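Reviewing the structure listed below.
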Amino acid sequence: MPDPFRHYEGVPVLDLPADPPGPETPAADGPTFLSQLLYYSAAISATKIVPSTGFKYALRVNPSSGNLHPTEFHFATRGLKDWPDGLYHYRPSSHMAEQRATGHFDIAGLSAPIVFILTSIAWREAWKYRDRAYRYCLLDIGHAWQALALAARAMGCESAAIRDFPDDAVAQLLRLHEDEWPMLLVETRTNAVRAPDSGETVWYGSHANQLSTEVIPYPSIDAVHAATKVRHLAAADPCPTGSGEITLPAPASSRTFAEIARTRRSALDFAGGTQSMSLSQLSAVLAATTELLSFVQLYLYVHHIDTLEPGIYRFRPEGATLEKIKSGDQRVAAAGLSLGQDLAGNACVAFSMIGDLERATRAHGDRGYRYVHFEAGAIGHRLYLAAEALGLGATGIGAFYDEEVHRYLHLTPEQGQVVYHFAIGYPVRDPRLQA
Ligand SMILES: Cc1cc2nc3c(=O)[nH]c(=O)nc-3n(C[C@H](O)[C@H](O)[C@H](O)COP(=O)(O)O)c2cc1C
């Protein structure tokens, strides 16, 4: 297993104020702003202890396949109050910023005071998940993007994600280790600003730690990454529309964003049994995804939703309706299709996210493959937080049988491919969870 933490050796490490105020309290200075933003999007939020061995490990605000966290958060700042302009790497283990360089970094021409560069270290995922790891890395980026975007939104700030940028130029500018690839840029605006620094760029050594002495190559990961680097500018085709026969009620919730983000966890399993979610809870969960749905469609395996017969449904976001595809108990099917994971059958509802890879690649070239997975990860993040807001539990499911899902849902290649599974329900208690 490669080292789960990336560090830059010999660089100044800047404190981010501990226990920052909730996101609704506007930060008056740069350090507090950064601390809030990262505390509610990427920081450590709990620990688990394995009872048999006493082994302790950290969990973060953003989820990650296998808790392996291939995503690194770098950021360039310019004109942020009480914070030197420069290039930083977030160190989640101590909630600090490693100052890799000072000066101005022009990241793809973006002008916001903070530009995040989310990168993936595929090896950190591939040693366990092999070729499939690339997909997990992309989904994890989608989660990290939404974690940042929603924290910024809760702080009353604008943010924007930029998927189309020159990968190699950004990697070179940031002097990234060759094992680390830039995947997504997220620019964030704040009022805690000042005039930008003038002066030259100064690097502070900035050598990334070696994660393993030995790395097993996965040529297909390198190949798909190289193929999806190519940029292809064209307008996206319109999303498919349509409507179903079941109209969903309007959503409602009362917990604060800070609570929801910091207490979100993946359920180990769900209670099963007969306890149901209400239709309005399902509606709230689905409503949270609507603004993101572009290349992804949600298919639901409904097990226990009040007033909704068990079966498979397709979510039609335009009119907030559900269209029934299949009737009958789907618990065995949902678990079986999710690589035999019981949690997909014990949940109240499980999902197959079906990505229209054809339409994405027509619009964006092979790079569109990444975008569909970012979108699915981002939708997953919305589902996690919506479930948490309702006092329910959720789990992202990256392990499923692709071809069997297509057959079971009668999907033709033109209708899309499964890119992510998800489950929501009543979580069982996890005795390993400490905080
Ligand atoms: C892309 C992705 C795929 C995942 N796949 C699975 C899965 O197949 N089965 C499972 O039990 N958990 C899965 N998880 C949940 C992770 O194991 C979980 O996020 C991680 O252990 C960290 O725990 P936390 O979410 O409570 O922070 C997945 C999470 C993500 C983000």
Side-chain angles (χ1 to χ4, degrees), residues 1 4 39-50 55-71 92-93 118 120 122 124-126 128-130 132-148 183-184 260-270 296 334-347 350-353 355 370 372-388 392-402 404-405 418-425 427-435:
M1 179 177 178
Y39 189 74
Y40 294 108
S41 62
I44 287 172
S45 56
T47 49
K48 278 190 183 176
I49 296 184
V50 182
F55 177 70
K56 204 171 172 180
Y57 58 95
L59 299 168
R60 306 191 198 178
V61 172
N62 56 317
S64 168
S65 32
N67 200 31
L68 296 173
H69 289 282
T71 309
S93 57
L118 302 181
S120 290
R124 201 179 267 156
E125 203 74 11
K128 183 166 180 191
Y129 296 119
R130 306 171 140 199
R132 201 174 173 88
Y134 191 69
R135 296 164 70 169
Y136 291 166
C137 288
L138 300 179
L139 292 168
D140 277 22
I141 290 279
H143 281 279
W145 156 37
Q146 272 311 290
L148 266 179
M183 291 291 200
L184 192 70
I260 294 165
R262 300 270 317 166
T263 55
R264 179 213 63 79
R265 289 272 67 86
S266 293
L268 191 64
D269 197 355
F270 297 95
V296 171
L337 294 171
S338 304
L339 210 76
Q341 299 184 81
D342 289 345
L343 81 175
N346 289 333
F351 296 84
S352 282
M353 296 191 204
R370 295 185 189 179
V372 175
H373 288 81
F374 294 161
E375 183 180 319
I379 291 165
H381 204 70
R382 293 279 182 104
L383 292 175
Y384 264 117
L385 296 191
E388 190 69 39
L392 298 163
T395 304
I397 301 176
F400 45 80
Y401 292 110
D402 295 63
E404 282 74 359
V405 173
V418 58
V419 287
Y420 198 14
H421 269 195
F422 210 87
I424 296 179
V428 297
R429 206 181 72 80
D430 186 344
R432 300 167 306 171
L433 194 61
Q434 294 295 301

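Ligands are counted one by one from 1 in listed order, and the atoms in each one are counted from 1 as well. In this text, all values refer to a predicted model and were calculated from it rather than measured experimentally.
With N67 contributing its side chain and A58 its backbone, the two residues share a donor-acceptor pair below 3.5 Å.
Using a 4.0 Å cut-off between charged side-chain N and carboxylate O, R265 and D430 make no salt bridge. Between R135 and D402 there is a salt bridge, with a side-chain nitrogen of the basic residue lying less than 4.0 Å from a carboxylate oxygen of the acidic one.
Considering A399, S65, S266, G142 only, the shortest heavy-atom separation from atom 25 (O) of ligand 1 involves S266. Closest to atom 13 (C) of ligand 1 by heavy atom, among G396, A58, A344, is G396. Evaluated by nearest non-hydrogen atom to atom 24 (P) of ligand 1, the leading choice among R60, H143, R264 is R264.
Residues Y57 and R432 meet the side-chain proximity criterion, which asks for heavy atoms closer than 4.5 Å. The shortest side-chain heavy-atom distance between C137 and H373 does not fall under the 4.5 Å cut-off. Contact of the Y401 side chain with the L339 side chain is registered, since non-hydrogen atoms from C-beta on lie closer than 4.5 Å.
Atom 3 (C) of ligand 1 has as its closest protein heavy atom G398 N, 3.4 Å. Closest to atom 17 (O) of ligand 1 among all protein heavy atoms lies G66 N, 3.7 Å. Among protein heavy atoms, the minimum distance from atom 11 (O) of ligand 1 is reached at Q341 OE1, 3.5 Å. For atom 2 (C) of ligand 1, the closest non-hydrogen atom on the protein side is Y420 OH, 3.4 Å. L59 CD2, 3.7 Å is the protein heavy atom nearest to atom 23 (O) of ligand 1. Atom 21 (O) of ligand 1 has N67 CB, 3.5 Å as its closest protein atom, hydrogens excluded (heavy atom only). The nearest heavy-atom contact from the protein to atom 20 (C) of ligand 1 is S64 O, 3.2 Å.
H381 pairs with exactly one of H143, R264, Q146 by the side chain to side chain donor-acceptor pair (under 3.5 Å) rule, that one being H143.
Short contacts between ligand 1 and L139, defined as distances under 4.0 Å to a heavy atom of the residue, involve ligand atoms 1 (C). Atom numbering of ligand 1 starts at 1 in the shown order; those under 4.0 Å from a heavy atom of R265 are 24 (P), 26 (O), 27 (O). Set against the non-hydrogen atoms of D140, the atoms of ligand 1 under 4.0 Å away are 1 (C), 31 (C).
Here T395 has side-chain heavy atoms under 4.0 Å from ligand 1, and that is the only part of it that gets that close.
Note that the CZ atom of F374 and the CD1 atom of I141 stand 6.0 Å from one another [nearest 0.5 Å].
Inspection of the Y384 and S266 side chains reveals an N or O donor paired with an N or O acceptor under 3.5 Å.
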